[in-house]
2 protein chains.
Amino acid sequence: MSKIFLTDTTLRDGSHTVSHKWNTDDVRKIVTALDAAGIDLIEVGHGDGLTGSTINYGFADYDDFEIVKAAASAIKNSKLTVLLIPGIGTVEDLKKAQECGAKAVRVATHVTEADVSEQHIKAAKKMGMFTVGFLMMGHMASVEKIVEEAKKMESYGADVVYCTDSAGAMLPVNVKEKISALVKNLSIPVGHHSHNNLGLAIGNSLAAIEAGATYIDGSLSGLGAGAGNTATDVLVAVMNKMNIAHNADLFKTMDASTNALLPVLEAKGVKANTNLDTMILGYAGCYSSFLLHARRAAIRFNVDVREILIECGRRKAVGGQEDWIIEIASDIAKLKK
Amino acid sequence: MSKIFLTDTTLRDGSHTVSHKWNTDDVRKIVTALDAAGIDLIEVGHGDGLTGSTINYGFADYDDFEIVKAAASAIKNSKLTVLLIPGIGTVEDLKKAQECGAKAVRVATHVTEADVSEQHIKAAKKMGMFTVGFLMMGHMASVEKIVEEAKKMESYGADVVYCTDSAGAMLPVNVKEKISALVKNLSIPVGHHSHNNLGLAIGNSLAAIEAGATYIDGSLSGLGAGAGNTATDVLVAVMNKMNIAHNADLFKTMDASTNALLPVLEAKGVKANTNLDTMILGYAGCYSSFLLHARRAAIRFNVDVREILIECGRRKAVGGQEDWIIEIASDIAKLKK
């Protein structure tokens, strides 16, 4: 399978979850962590795109351009992207975002309305930005229709086109069908963006990858509108398990959730969707009863608890063999010396 | 695809989440709702199976047999099942469970240890019980090994054999491979039980169904050990969307979560894993912004909010068309007269 490029939208789609109340400190902290984790594109701004901060879509604490500037000041390797919904944001807004440091834009329209993206995609390309066509509510168009609309975006100059399951309404079989058709009919890469309403965000992301999508969206711990997005951290774990190539580092992506996002959410009284303790147990293939013992051993031998669990899984430790954890932690500590 | 038979394990695997502290009232309430929803098998008892209430596995509030009796008193159409892990529970315990009203048993062993289930499966069959072989930690055996172990359970007389992903460590590709091999090599039905550690409980359940499994486990709102189980309510919704035959009623399964389980959990200070509001939005394929308006219209016209949302999805209402909701609710109300 081809290499996957990840776009993390914690600071854009996830902004719905915090009522668009990220501040510039939050943004710098989370962007720094995502950048360190090797996420390809980091999306920031109001949940409804550039200048979405209105009475209709919810007022944000800071304006989008301050958020873009803060993100740009923290980013080193990742590409900084904004979302623009024609009708909410304008080409002038996009120019301002670029001046503030945005390198990419995702121009989003309803799945049957690609026409309205023409001037924005063309303008973005002329401005030298990496430009993604983002077809929202992908479940509402037939395969033929979504191909037709995607081809329009391609013709305007888009570098990538997404089939976006905004309502979390798609099934793996639908995703496969639509992504396959897009891959077959376009000469640019195809992306997919999932929501977890039917518990299928990860399952649908895998179906998209299987069908040839190479751009996949996620958000840390699945933070996002409705039931949340595909969890970037979980997706990275699953891709590792499947030997799918990508640029992200699993532990650093988890750290971005645990050390950067969660304290920010806690301060806002918002809960994350994903438990990374149970995730790493599944990744390792260990019994839950191992976690507490592994945590103790991690402190005792000064090693990462995740490495202990992964090694327990590799050695096929089963329930009742918790004593083995000490030996494993000690072995890991020795290897590190 | 063949018809799917659902086993709900809220009151067994979900019992881990409440530290095995269901009381007989909780059990009666939840069993009544599951039974009304058309769930085929309802599993009750300690999370680690019959007589698991020990210092090792966690003391329960009531003994398992009281729980079985309470469940039996509430059940009308579903089959009442218990779980038995040889080494924790005994054949004597099983006899007692049957006297209390259990009609089925799932005899559970580590995936490589089917041998230890021989006497229990044979005894259960002799007692006239519906008998399921339950191979736990299914990710820890190769395809060949799990087939070999499942064939043993079949030879002891099991009516069904499960590949159980106890650690939530399997990927759809693994599930497909193992379930297909079991279906091919056994002459009895094959089942699958997922956990959501990698966000794949629903995705893996679908992969299992696609590969020919006809028995699938879930728990209300995904309540269960670790990251939780496949959410029965979400699975029913997804199967409806895929036109997969089963015996459950979607709204009544959701009601079992919302009206029976959630108040019980709330009293215990435990949170559910699944948000059924966002689930029904995904099922219907509607924008989140529709929910509040649909709720108001549901009260005004005395119709089910879920019917309104589903009809909005059917009519392909999009953002900005919230006014349509009133008309739709009124139409539904008229049709009901």
Side-chain angles (χ1 to χ4, degrees), chain A residues 16 110-113 136-137 139-141 165-174 195-207 210 222 225-228 230-231 234-235 237-238 241-242 271 273-275 277-288 290-291 313 316 318-320, chain B residues 16 110-113 136-137 139-141 165-174 195-207 210 222 225-228 230-231 234-235 237-238 241-242 271 273-275 277-288 290-291 313 316 318-320:
Chain A
H16 289 290
H110 186 69
V111 64
T112 55
E113 312 294 326
M136 299 187 292
M137 298 295 268
H139 74 286
M140 293 188 86
D165 184 16
S166 317
M170 291 176 80
L171 302 160
V173 60
N174 309 137
H195 281 269
N196 203 35
N197 299 61
L198 295 171
L200 281 164
I202 296 283
N204 282 345
S205 298
L206 291 186
E210 208 180 301
T230 301
V234 180
L235 181 63
V238 168
K241 260 182 112 84
M242 295 183 72
K271 283 232 164 199
N273 295 322
T274 307
N275 179 334
D277 285 338
T278 57
M279 189 275 268
I280 198 74
L281 286 164
Y283 182 71
C286 287
Y287 274 104
S288 326
F290 281 32
L291 184 60
K316 295 192 179 293
V318 297
Chain B
H16 289 290
H110 186 70
V111 65
T112 54
E113 312 293 326
M136 298 188 291
M137 298 294 267
H139 74 286
M140 293 188 87
D165 183 17
S166 317
M170 291 175 79
L171 302 161
V173 60
N174 309 136
H195 281 270
N196 203 36
N197 299 60
L198 295 171
L200 281 163
I202 296 283
N204 282 344
S205 299
L206 291 187
E210 208 179 302
T230 301
V234 180
L235 181 62
V238 169
K241 261 183 108 88
M242 295 182 72
K271 283 232 162 197
N273 295 321
T274 307
N275 178 334
D277 285 338
T278 57
M279 189 275 267
I280 199 73
L281 286 164
Y283 181 72
C286 286
Y287 274 104
S288 325
F290 281 32
L291 184 60
K316 294 191 180 293
V318 297

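Throughout, a chain's letter reflects where its sequence line sits, starting with A, and its residues are numbered from 1.
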Reported [atom1]-to-[atom2] distance for the pair [X] and [Y], which is rounded to 0.5 angstrom:
| X | Y | atom1 | atom2 | result |
| --- | --- | --- | --- | --- |
| B:Lys241 | A:Leu198 | NZ | CG | 6.0 Å |
| A:Asn197 | B:Cys286 | CG | SG | 10.5 Å |
| A:Leu171 | B:Ile202 | CG | CD1 | 10.5 Å |

Of all residues at least two apart in sequence or in a different chain, which pass the side chain to side chain contact (heavy atoms under 4.5 Å, CB included) check with A:Ser166?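 Per chain and number, A:Ser166 pairs via side chain to side chain contact (heavy atoms under 4.5 Å, CB included) with A:Met136, A:Met137, A:Thr164.
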Taking only residues two or more places apart in sequence, or in another chain, which ones meet A:Asn204 in a side chain to side chain contact (heavy atoms under 4.5 Å, CB included)?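 Here the qualifying residues are A:Asp165, A:Met170, A:Pro172, A:Val175, A:His192, A:Ser194, A:Leu200.
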Who wins among A:Glu210, A:Met242, A:His16 for the most heavy-atom pairs under 4.5 Å with chain B?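 Of the candidates given, the most pairs with chain B belong to A:Met242.
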Heavy-atom pairs under 4.5 Å with chain B: which of A:Ala227, A:Ala237, A:Ser288 has the most?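 Max contact count across the listed options: A:Ala227.
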Can you tell which of B:Val318, B:Asn275, B:Asp277 has the highest number of heavy-atom pairs within less than 4.5 Å of chain A?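 The candidate making the most pairs under 4.5 Å is B:Val318.
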Taking every non-hydrogen pair under 4.5 Å, which of B:Ala207, B:Gly203, B:Gly313, B:Gly282 racks up the most with chain A?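 Ranked by heavy-atom pairs under 4.5 Å with chain A, first place is B:Gly282.
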Given that the side chain runs from C-beta out, which part of B:Ala231 has a heavy atom under 4.5 Å from chain A: side chain, backbone, both or neither?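 B:Ala231 has no heavy atom closer than 4.5 Å to chain A.
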Chain A contact via B:His195 - which portion, at a heavy-atom distance below 4.5 Å: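 When you check distances to chain A, no heavy atom of B:His195 falls under 4.5 Å.
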Identify the heavy atoms of A:Gly285 and B:Ala169 that sit nearest to each other, and give their distance.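 Closest pair (atom of A:Gly285, atom of B:Ala169, distance): CA-CB, 3.7 Å.
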